[in-house]
Structure formats: structure tokens, C-alpha cells
Amino acid sequence: PTVTEQVDRFLAGNTIGANDVLIISGGFSDIIVQMAAVRAGTQSGAQMIVNVRQAGRELAAQVRRLVAAGAKYVVVVGPYNLARTP
């Protein structure tokens, strides 16, 4: 499921406590899928950057949803430098 779907499910079935720490992680799959499209020749590197930036904005929107639902403490874990992985 996407991060949005996971947040939907979480908010539908949970109440956020005053001292809860929420950890949200995303972006790995977005980058991998976009880079695969560049390598396959189905999109340009510039379009990949546009798409990955949009994915980042969508992740931020989910963090804002959690804060609006009462979360005081949200830790966002994004992708590490994938250029340094084998």
C-alpha cells in the first residue's frame, strides 16, 4: 500500500495520544521506479526529478494530515543516498 493508504488506515482505526511518536518512512520505491523508467528510456532524467519532487510533496502532505489529526511528534525518514548502494 502507498503511504497515503497506510495513513488512511491508521487514522481510521487509531487515536493519536498526546505523547505518541509517529514514524513515517517513504520515498525509496518512488526513486527506484522513476530511475527504472529512465533506464528503460520511457522518461527523461528531468521528468524523473519532477516526479520524485512530487512524491516528496505528497509525503509532506501525509505528515501534515497526521499533525492535523493531533500528532505532536512526527519523525520523517526518507531515503538514504541510493547512489552509494551497490
Side-chain angles (χ1 to χ4, degrees):
T2 67
V3 171
T4 301
E5 292 168 341
Q6 292 176 58
V7 171
D8 289 344
R9 289 179 193 159
F10 175 78
L11 292 176
N14 296 282
T15 301
I16 300 171
N19 295 315
D20 288 348
V21 176
L22 304 180
I23 300 172
I24 187 167
S25 177
F28 292 98
S29 294
D30 298 306
I31 293 169
I32 291 167
V33 166
Q34 294 301 317
M35 190 61 208
V38 171
R39 286 187 161 181
T42 58
Q43 78 175 359
S44 68
Q47 185 61 50
M48 178 193 83
I49 297 298
V50 169
N51 294 346
V52 169
R53 285 183 177 156
Q54 180 60 36
R57 285 189 288 277
E58 291 169 7
L59 178 61
Q62 297 313 307
V63 172
R64 287 190 297 275
R65 282 181 65 203
L66 293 168
V67 171
K72 289 184 187 177
Y73 310 105
V74 181
V75 178
V76 180
V77 181
Y80 52 82
N81 186 345
L82 295 173
R84 298 195 176 264
T85 60

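Source: prediction; values computed, not measured.
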Quick one: ring-ring contact (aromatic ring centres under 6.0 Å, His included) pairs with a partner in residues 44-68, sequence neighbours left out?
none
Neighbour count above 12 (heavy atom, 6.0 Å) for R57 CZ:
yes
Residues 24-34 side chain polar contacts: donor-acceptor under 3.5 Å, at least two apart:
residue: S25; atom: OG; partner: V77; partner atom: O; Å: 3.2
residue: Q34; atom: OE1; partner: Q43; partner atom: NE2; Å: 2.7
residue: Q34; atom: OE1; partner: N51; partner atom: ND2; Å: 2.8

So the side chain to side chain donor-acceptor pair (under 3.5 Å) pairs with at least one residue in residues 66-81 (sequence neighbours excluded) are none
Those residues at least two apart in sequence (or on a different chain) that pass side chain to side chain donor-acceptor pair (under 3.5 Å) with T4 are Q62
Could you pull out all residues at least two apart from R53 that satisfy side chain to side chain donor-acceptor pair (under 3.5 Å)?
none
Looking only at atom types and distance, does a side-chain atom of Q47 sit under 3.5 Å from a main-chain N or O of S44, one as donor and one as acceptor?
no
Only counting residues at least two apart or in another chain, list the ones meeting salt bridge (charged side-chain N to carboxylate O under 4.0 Å, His left out) with R65.
D8
What residue pairs, at least two apart or across chains, pass ring-ring contact (aromatic ring centres under 6.0 Å, His included) with a residue in residues 37-62?
none
Under 4.5 Å between side-chain heavy atoms, counting indirect links through other Ile/Leu/Val/Met/Phe/Trp/Tyr residues: same cluster for L59 and V52 or not?
no
All N/O donor-acceptor pairs, side-chain side in residues 9-20, below 3.5 Å, sequence neighbours left out:
residue: N14; atom: ND2; partner: F10; partner atom: O; Å: 2.9
residue: D20; atom: OD2; partner: G17; partner atom: N; Å: 2.7

